[in-house]
Amino acid sequence: ARCTKQWFFETFCGVNAEEFAERGFEALGGDAHIVQHLNGYVKPYDVVALMVVLPLTRDCMPRGEEVRIEGVTHRFLLKAEDTVEIGHVLKLLRETYHELVLQANES
């Protein structure tokens, strides 16, 4: 399986396979708090995944295909008609950036 715990830690936490094994991350359960392990890796699909679920942006996003796997619903955007309109992504990123700059200037 591609999306294993080790894959997640390598992809989103910058932890290679050796460090993953040494630190015993395989033993972490579903209720583990992993925020402390995240190191800021953001992939383009992270933004799209966020937009698909946010109430303010999800209606702009393609529906894709929903598949239930082990009780969890996943949405796949794999077909040409599921292509995300880049304008929506740019608008969200631009607005978020401006909001953060304004908040930083206020404090």
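This one's a predicted model, so the numbers in the text were calculated from it and none came from an experiment.
- Contact detail for Pro62 and Leu77: the closest heavy-atom pair is O-CD2, 3.7 Å.
- From His98, atom NE2 reaches atom CG of Leu93 across 10.5 Å, with rounding to the nearest 0.5 Å.
- Proximity of a side-chain donor or acceptor of Asp82 to a complementary backbone N or O of Lys79 within less than 3.5 Å is detected.
- Within 6.0 Å of the NZ atom in Lys5, the count of heavy atoms belonging to other residues, nucleotides or ligands exceeds 12.
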Validation: residues 68-76 side-chain donor-acceptor distances under 3.5 Å, sequence neighbours left out:
unit_1: Arg68; atom_1: NH1; unit_2: Thr73; atom_2: OG1; d: 2.7
unit_1: Arg68; atom_1: NH2; unit_2: Gly71; atom_2: O; d: 2.7
unit_1: Arg75; atom_1: NE; unit_2: Arg63; atom_2: O; d: 3.4

Could you go through residues 17-36 and list every donor-acceptor pair under 3.5 Å that involves a side-chain atom there, pairing it with any protein atom two or more places apart or in another chain?
unit_1: Glu19; atom_1: OE2; unit_2: Arg23; atom_2: NH1; d: 3.0

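- Applying the side chain to side chain contact (heavy atoms under 4.5 Å, CB included) test to Leu100 and every residue at least two apart in sequence or in another chain returns Thr96, Gln103.
- Residues that satisfy the side-chain hydrogen bond (donor to acceptor under 3.5 Å, both in side chains) test with Glu65, not counting sequence neighbours, are absent from this structure.
- Residue Val101 shares its hydrophobic cluster (ILVMFWY side chains chained together at separations under 4.5 Å) with Tyr97.
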